[in-house]
Every structure is written in structure tokens, then in C-alpha cells.
Engineer: 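Before I ask anything, here is the structure I am working with.
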Amino acid sequence: MLNLVLFGPPGAGKGTQSARLIHHYQLVHLSTGDIFRANIKGETELGKLAQSYMAQGNLVPDEVTIKMLRQEVEAHPEAQGFIFDGFPRTIPQAEALDLFLASMGEAISAMLSLEVPEEELRERLRLRAETSGRPDDAQPEIIQNRIAVYQRETAPVKGFYAQQQKLSEIDGMGSMDAITERLKSAIDGLL
Ligand code: AMP
């Protein structure tokens, strides 16, 4: 299986690029943010729990997120591999993912980290706020908190995969097509 972590701060282009890559490589796209949003929309118990954290730009607790992710992976027994988008976002999530995949005889193939300067991220999020309809895109203070949470809790996850020699840094600036091509060359190098 080809199991990829697509990594990067809010606004780096993880969702957009995941959508392009899954078709090319026949992978299942698992975006924890999308799954939480679907649960909020469907007014499920999980959605009710996640909503207050998301609205503030904070992380949903690890225990809840890890359990949900496992269920999503198990719901796709036919998958040839996954793109994890927005997960893992903490070191405990990364450790849990490794253990869980190992229990299936699988492992993460690589982390692809989209590198985008902070100024550009803020500009992209400002533009996205106009079209995404996401409440957590609408307020500058919430965006600021998401960036702070990223730096504090999520950025260290890069080091976790670097230690395993699985980190590949990808320039996330330029046209969407150019970025897709860079990601594909990195992935093709793994095949
Ligand atoms: P995203 O769509 O990836 O930007 O995620 C939107 C929000 O969902 C985040 O700001 C968090 O509140 C929550 N979320 C998504 N993925 C995770 C995760 N792996 N761990 C904790 N919270 C998450």
C-alpha cells in the first residue's frame, strides 16, 4: 500500500492537492477536518463534541480524533492506500497511527510537507474566507489561533517523520499544477 501524509500549515493547499493526487494514484483521501465538518452538518454526537474545538481553532482531543481515524481506515478494506490530510496533527496522533498501521502490517510510506511562507498563508486564508463558508476561516483571531496551534502542536510532527527518514519537503508556492507535479515526482520516487 501507498500511505501518504500530506502535511502543512492551514492554507498550504493540502485539501486541493489531495483531491488531485487520489485520482492519479487510486488512493482514499482521509481529511479529518472534512470528516468532522460532515459530522457537524449531520448533527452527530461526534459533530457536537468537535464543534466547540473547531469553532475556536483548537484541536479536537487526540483520543476522539484517533478513534475516528481508525474507524475511517477500517471502513475502506479495499483501499490500495490512503492520503492522510490534516492527520496526524500531534505527536501522540503520529505514534498512534504508526501502531495502528503496524497492526495491519502496514506503514506510512512518506510525509510530503508543503512549504509555504507565513505571509502567503495569511493571504490565502483571507481569500479562502470569502468562499469556503467555514466559520473557522471567517475571523482573523481564529485564523491566528490555528496558526499558533499549528506551530505549537503540529509542526513537531515533521521531526517525527524526519527521524524515520520519511520526510520530503515540497515547495508549495507557484501554480496548483506546478505543485501537483512536484508532489507526483516525489511520490513516483517512492514507487
Ligand atoms: P482542517 O480542515 O484540516 O483545517 O481542520 C479543521 C479543524 O478540524 C481544525 O482546526 C481542528 O479543530 C479540527 N481537526 C482536524 N483534524 C484534526 C486532527 N488531526 N486533530 C485534532 N483536530 C483536528
Side-chain angles (χ1 to χ4, degrees), residues 3-22 27-75 82-101 108 111-116 118 120-161 172:
N3 294 310
L4 304 171
V5 173
L6 192 54
F7 190 76
K14 301 186 293 290
T16 306
Q17 294 297 335
S18 295
R20 292 167 161 231
L21 295 173
I22 48 166
L27 303 173
V28 173
H29 180 199
L30 286 188
S31 156
T32 41
D34 285 353
I35 301 165
F36 283 133
R37 278 184 288 276
N39 275 277
I40 291 175
K41 209 168 157 210
E43 299 181 358
T44 67
E45 284 304 312
L46 177 63
K48 282 178 208 154
L49 201 157
Q51 189 162 25
S52 57
Y53 296 98
M54 290 176 74
Q56 297 303 315
N58 291 322
L59 296 184
V60 178
D62 281 342
E63 207 184 282
V64 176
T65 307
I66 291 164
K67 185 171 165 216
M68 175 183 86
L69 194 277
R70 275 201 211 120
Q71 287 171 350
E72 291 290 331
V73 170
E74 283 167 356
F82 294 89
I83 294 189
F84 298 101
D85 161 8
F87 184 95
R89 250 177 165 98
T90 64
I91 298 280
Q93 289 182 16
E95 289 170 343
L97 180 61
D98 269 5
L99 281 177
F100 173 56
L101 290 176
I108 289 297
M111 165 189 269
L112 306 167
S113 173
L114 290 170
E115 305 295 319
V116 179
E118 192 163 327
E120 166 80 8
L121 293 173
R122 284 178 200 282
E123 177 61 9
R124 288 189 193 175
L125 288 171
R126 194 184 65 74
L127 293 173
R128 186 166 96 180
E130 293 163 11
T131 53
S132 75
R134 282 176 54 167
D136 62 345
D137 275 347
Q139 290 165 271
E141 316 83 77
I142 304 294
I143 290 184
Q144 186 53 45
N145 189 44
R146 284 161 62 203
I147 294 173
V149 167
Y150 171 80
Q151 284 163 348
R152 192 175 61 236
E153 303 196 45
T154 305
V157 175
K158 238 174 102 166
F160 179 90
Y161 289 99

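Ligands are counted one by one from 1 in listed order, and the atoms in each one are counted from 1 as well.
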Engineer: Salt bridge between K14 and D85, side-chain N to carboxylate O under 4.0 Å?
Structural biologist: no
Engineer: Verify the neighbour count for atom CD of E43: are there more than 12 heavy atoms of other residues, nucleotides or ligands below 6.0 Å?
Structural biologist: no
Engineer: Determine whether L69 and L97 make a side-chain contact, defined as any pair of heavy atoms from C-beta on separated by less than 4.5 Å.
Structural biologist: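 In contact.
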Engineer: Within the distance-only criterion (no hydrogens, no angle test), does the side chain of R146 pair as donor or acceptor with the backbone N or O of G57 below 3.5 angstrom?
Structural biologist: no
Engineer: Would you name the heavy atoms of N145 and Q56 that are closest together and state the gap between them?
Structural biologist: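 Nearest heavy atoms, N145 then Q56: ND2-O, 2.9 Å.
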Engineer: Taking the six-membered ring for Trp, are F84 and F87 parallel (under 30°), tilted (30 to 60°) or perpendicular (over 60°)?
Structural biologist: tilted
Engineer: If you count only heavy atoms, which residues are under 4.0 Å from ligand 1?
Structural biologist: T32, G33, F36, R37, M54, N58, L59, V60, T65, G86, F87, R89, Q93, R134, D136
